[in-house]
Amino acid sequence: MLPNLTNALDFQAKALVIRADRQRVLASNIANADTPGYVGRDINFRDAMNAALGGNSLSLTLSPPTGSPSEGGTDPRHIPLQSIAGSLGRDRLDYTTQTQPAMDGNSVDMDRERANFVDNSVRYEATLRFINGSSRTILSAIQGQ
């Protein structure tokens, strides 16, 4: 009985962690929008959830793009994504596709990043509300109300 109650909450808790990590990645993209040569990053939510639910160890290592001047990111001057290390069920972050070519090599499209940021915020809030509602329902059932 207890595993049935905790499975739904466990799923939502993992989703919440991935959404929070994606929010940090999107914020990093927005912060580096004017950095020459910065390559935008993103998290594929479906792949990250599949990895998190598959029992894989939750770890993240950034892989440099081809021809990168540094080992841990696109450029040593870029804002690092160290705050998400260890919490994603992915081996690496995905790179965003460049929709508007830029002379400085920056692949961040601010319109897309803002839209992704807001969409992820709404989904994060919905997941949080689901967890809160489920917790209240379980607590209500335990108290016999």
Side-chain angles (χ1 to χ4, degrees), residues 2-141:
L2 186 61
N4 292 336
L5 294 174
T6 59
N7 283 343
L9 289 176
D10 187 45
F11 177 86
Q12 295 299 331
K14 288 178 182 178
L16 193 66
V17 169
I18 293 171
R19 294 252 178 246
D21 289 342
R22 184 167 188 243
Q23 202 72 356
R24 287 186 200 103
V25 170
L26 294 172
S28 177
N29 287 347
I30 291 170
N32 283 298
D34 294 326
T35 305
Y38 182 79
V39 179
R41 307 298 294 266
D42 202 355
I43 295 172
N44 184 323
F45 183 79
R46 179 181 298 184
D47 292 345
M49 269 310 280
N50 286 339
L53 294 174
N56 297 341
S57 62
L58 297 175
S59 64
L60 172 74
T61 56
L62 295 177
S63 62
T66 307
S68 172
S70 68
E71 293 291 321
T74 56
D75 192 284
R77 296 170 292 181
H78 295 163
I79 296 173
L81 297 173
Q82 296 170 351
S83 61
I84 62 174
S87 59
L88 285 178
R90 298 248 323 144
D91 292 313
R92 66 179 58 111
L93 295 172
D94 293 333
Y95 293 99
T96 58
T97 56
Q98 188 171 6
T99 56
Q100 299 176 359
M103 294 297 290
D104 63 359
N106 188 310
S107 70
V108 176
D109 177 6
M110 282 300 290
D111 293 331
R112 182 183 61 210
E113 295 300 327
R114 281 189 216 120
N116 287 342
F117 192 86
V118 170
D119 177 65
N120 194 61
S121 297
V122 169
R123 291 173 189 265
Y124 180 89
E125 181 69 26
T127 303
L128 193 57
R129 286 179 187 244
F130 182 84
I131 291 171
N132 287 337
S134 296
S135 300
R136 278 192 224 119
T137 302
I138 292 170
L139 183 59
S140 176

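Nearest heavy-atom pair across I131 and A13 is CD1-N, 4.0 Å. Nearest heavy-atom pair, S107 versus V39, reported as atom, atom and distance to 0.1 Å: OG-CA, 3.4 Å.
Put simply, CD on Q12 and CZ on R19 are 9.5 Å apart, with the number rounded to the nearest 0.5 Å. The line from CZ of F45 to CG of N50 is 9.5 Å long, rounded to the nearest 0.5 Å. In this structure, CG in D21 is found 5.5 Å from CD1 in I43, a value given to the nearest 0.5 Å. With values rounded to the nearest 0.5 angstrom, F130 atom CZ is found 14.5 Å from E125 atom CD. If you take OG1 on T96 and CG on L26, they are separated by 9.5 Å, rounding to the nearest 0.5 Å. Between N120 atom CG and T127 atom OG1 the span is 9.0 Å, to the nearest 0.5 Å.
Put simply, the side chain of N32 never gets that close to the backbone of T35: no donor and acceptor are under 3.5 Å apart.
Remark: of the listed residues R112, R24, E113, E113 is the sole one forming a side-chain hydrogen bond (donor to acceptor under 3.5 Å, both in side chains) with N29.
Within a 6.0 Å radius of CG in D34, other residues, nucleotides and ligands contribute 12 heavy atoms or fewer.
When the salt bridge (Lys or Arg N to Asp or Glu O under 4.0 Å) test is applied to D111, the partners found at least two apart in sequence or on another chain are R114. For the side-chain contact (heavy atoms from CB on, under 4.5 Å) test, residues two or more places apart in sequence or in another chain that qualify with A33 are V108, M110. The side-chain contact (heavy atoms from CB on, under 4.5 Å) test applied to N132 returns L128, R136, not counting sequence neighbours.
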